[in-house]
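Every chain is numbered from 1 and lettered A, B, ... according to where its sequence line falls, protein lines coming before strand lines. These numbers come from a predicted model, not from an experiment.
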There are 2 protein chains.
Amino acid sequence: MDTEEMQQAETPVAKVKSRGRPREFDHEEALDKALNVFWKRGYEGASLSELTDALGINRPSLYAAYGNKEELFRKALDRYMSGPVAYAPDALQEPTARKVVEKFLTDSAALLANPDTPHGCMLVQGALSCGEGAQSISKLLAEYRNRFQQALRLRFEKAQAEGDMPATIDVAAMARYVVTIHQGLSVQGTSGATHKELLGVVGTVMANWPSP
Amino acid sequence: MDTEEMQQAETPVAKVKSRGRPREFDHEEALDKALNVFWKRGYEGASLSELTDALGINRPSLYAAYGNKEELFRKALDRYMSGPVAYAPDALQEPTARKVVEKFLTDSAALLANPDTPHGCMLVQGALSCGEGAQSISKLLAEYRNRFQQALRLRFEKAQAEGDMPATIDVAAMARYVVTIHQGLSVQGTSGATHKELLGVVGTVMANWPSP
DNA sequence: ATATTTTTATACCAATCGGTAAATAAATAT
DNA sequence: ATATTTATTTACCGATTGGTATAAAAATAT
């Protein structure tokens, strides 16, 4: 018991003493750099040379750590979902449909024109159109997009049940409408629109939002 | 004089008797096939092999007729603008701002989910994100997108002057809003949304359109 | 000290990328 | 008939693509 505790004290956090030569780069830090490249270039536009340059490692290290290009993309995408885009599922928790949409679109405007990250949404520009070899990625991204749209529709159904959205509204069309705005904002951001300009669009949307 | 007239009678339309071996494919017909490939695959996603296969010609013929891949794309884009997308400038001629937007978005819905052509808008998915070598194309497409947005803004200014749009409205934001919808619809179409589903979104937009 | 395990670095792979040289084929001009 | 012009065919080019075989390097286990 005592000796085991001493060993744990040597390596205080979760860094279990591994056997072979230690990795010289930070696994998750490098994943963030890969995310940045894929976010900006898209799946096909990001070459392995640009990826290894950005990560500061060579090709065999990348393959040993992440599998291959597609698996690296999927892992970067996971980081994107749980990091920059985590605001989206959060927005569904707002108390009214109006506040849900206002938070979702306002936070989207901030993300999609953030000067510190690539512009636009990775789910949109990651592989919107592509060659034959990237269609599994294209489908994956479309699934993620549709998933949120469905979650939004369910949220609107709840809003109707709670009386903060008119019962006459077609919630499926309304959810598709809001997601359409988001995806349009993504294209706008990619084209160089500023945060303020995107907020102007969001203001236009909210000014015309149906009152309950 | 007589002999010249006889020659013209032999080739009645504009087909001037050219010197060398005649081209075995129709120049504009092949351009339409190239348009289809670029529209579906994007600039980078369309390989020269796929292009020559679709056009039914071999590589040197393509280069002799159109220059290179980038010039072929630009010529296909011209066809796209004067063909499938000609409805957009037409919509600006409608008598009121509301009718302008309604026609623009309704016709967009028909185009972006047309089962007979690639889905989505070529101006959006032609090169939304791309590698270093396609950025001139990416900028070109963004220019086209911004051009229509500006034309729409000018049309809304006219509408305000004519009293069919509230003077309180920020026309720049409103134009950006409408173009954002179009671009979002494009992403939706690419993801497989049907014509009817896109019309549902257009209906939601028009239901909330500000009355003059 | 030696063996084992894992990562790194170098060098390389076949396939595909966009693009072209050279020769043949098919038309007109003289 | 011959020369000239243009298009097609075949074969190829260097560069880049995603991916790997091999061996040296750096750690731990015994």
Completion exercise
Atom OH of Tyr66(B) and atom C1' of dT8(D) are separated, to the nearest Å, by 15 Å
Problem - Length of the line joining Leu51(B):CG and dG18(C):P, which is rounded to integer Å - result: 8 Å
Practice task
Could I get the full list of side chain to side chain contact (heavy atoms under 4.5 Å, CB included) partners for Ile57(A), not counting sequence neighbours?
Solution key: Phe25(A), Leu55(A), Ser61(A), Leu62(A)
Practice task
Scan for ring-ring contact (aromatic ring centres under 6.0 Å, His included) pairs involving residues 172-196 of chain B, sequence neighbours excluded, and state none if there are none.
Solution key: Phe104(B)-His182(B)
Practice task
Round to the nearest Å and state the distance from Tyr63(A) atom OH to dT8(C) atom P.
Solution key: 16 Å
Completion exercise
Expected list for residues 25-40 of chain B near DNA chain D, using heavy atoms below 4.0 Å, is Phe25(B)
Handout entry: Annotated protein contacts, base or backbone, on nucleotides 12-17 of chain C with a non-hydrogen cut-off under 4.0 Å, one of B, S, - each
Key = -----S
Handout entry: side chain to side chain contact (heavy atoms under 4.5 Å, CB included) involving Tyr63(B) - partner list, sequence neighbours excluded
Key = Leu48(B), Arg59(B), Asn68(B)
Fill in the blank from the handout: Residue pairs meeting salt bridge (Lys or Arg N to Asp or Glu O under 4.0 Å), one or both in residues 122-145 of chain B, sequence neighbours left out, come to Arg41(A)-Glu132(B), Glu143(B)-Arg147(B)
Handout entry: Donor-acceptor contact present, side-chain Lys75(B) to main-chain Gly67(B), <3.5 Å
Key = no
Handout entry: Side-chain N or O of Asn58(A) closer than 4.0 Å to phosphate OP1/OP2 of dT8(C)
Key = no
Show me the donor-acceptor pairs within less than 3.5 Å that the side chains of residues 83-94 of chain A make with the rest of the protein, sequence neighbours left out.
residue	atom	partner	partner atom	Å
Tyr87(A)	OH	Ser108(A)	OG	2.8

Exercise for the section: I would like to know whether Gln183(B) and Gln188(B) meet side-chain hydrogen bond (donor to acceptor under 3.5 Å, both in side chains); could you show each step before the answer? Expected result: CA-CA 9 Å; Gln183(B) 292 167 351; Gln188(B) 289 279 326; over 6 Å; no
Practice task
Return the value, rounded to whole Å, for the distance between atom CD1 of Ile57(A) and atom P of dT6(C).
Solution key: 18 Å
Completion exercise
So salt bridge (Lys or Arg N to Asp or Glu O under 4.0 Å) across residues 119-128 of chain B, not counting sequence neighbours, yields none
What are the atom names and distances for every N/O pair under 3.5 Å that joins the protein to nucleotides 4-6 of chain D?
residue	atom	partner	partner atom	Å
dT6(D)	O2	Arg21(B)	N	3.2

Problem - Which residue lies more 5' along DNA chain C, comparing Pro60(A) with Asn68(B) via nearest heavy atoms - result: Pro60(A)
Exercise for the section: Sort and list the pairs that fulfil salt bridge (Lys or Arg N to Asp or Glu O under 4.0 Å) and have at least one residue in residues 181-198 of chain A, not counting sequence neighbours. Expected result: Glu197(A)-Arg176(B)
Completion exercise
From CD of Glu50(B) across to P of dG18(C) the rounded distance in Å is 10 Å
Exercise for the section: Could you pull out all residues at least two apart from Lys99(B) that satisfy salt bridge (charged side-chain N to carboxylate O under 4.0 Å, His left out)? Expected result: none
Practice task
For Leu62(A) and dT20(D), give me the distance from atom CG to atom P, rounded to whole Å.
Solution key: 12 Å
Exercise for the section: Hey, which sits more toward the 5' end of DNA chain C by its nearest nucleotide, Ala64(A) or Tyr43(B)? Expected result: Ala64(A)
Exercise for the section: Report yes if at least one side-chain N or O of Ser61(B) is closer than 4.0 Å to OP1 or OP2 of dT8(D); otherwise report no. Expected result: yes
Handout entry: With sequence neighbours excluded, residues passing side chain to side chain contact (heavy atoms under 4.5 Å, CB included) with Glu28(B)
Key = Asp26(B), Arg79(B)
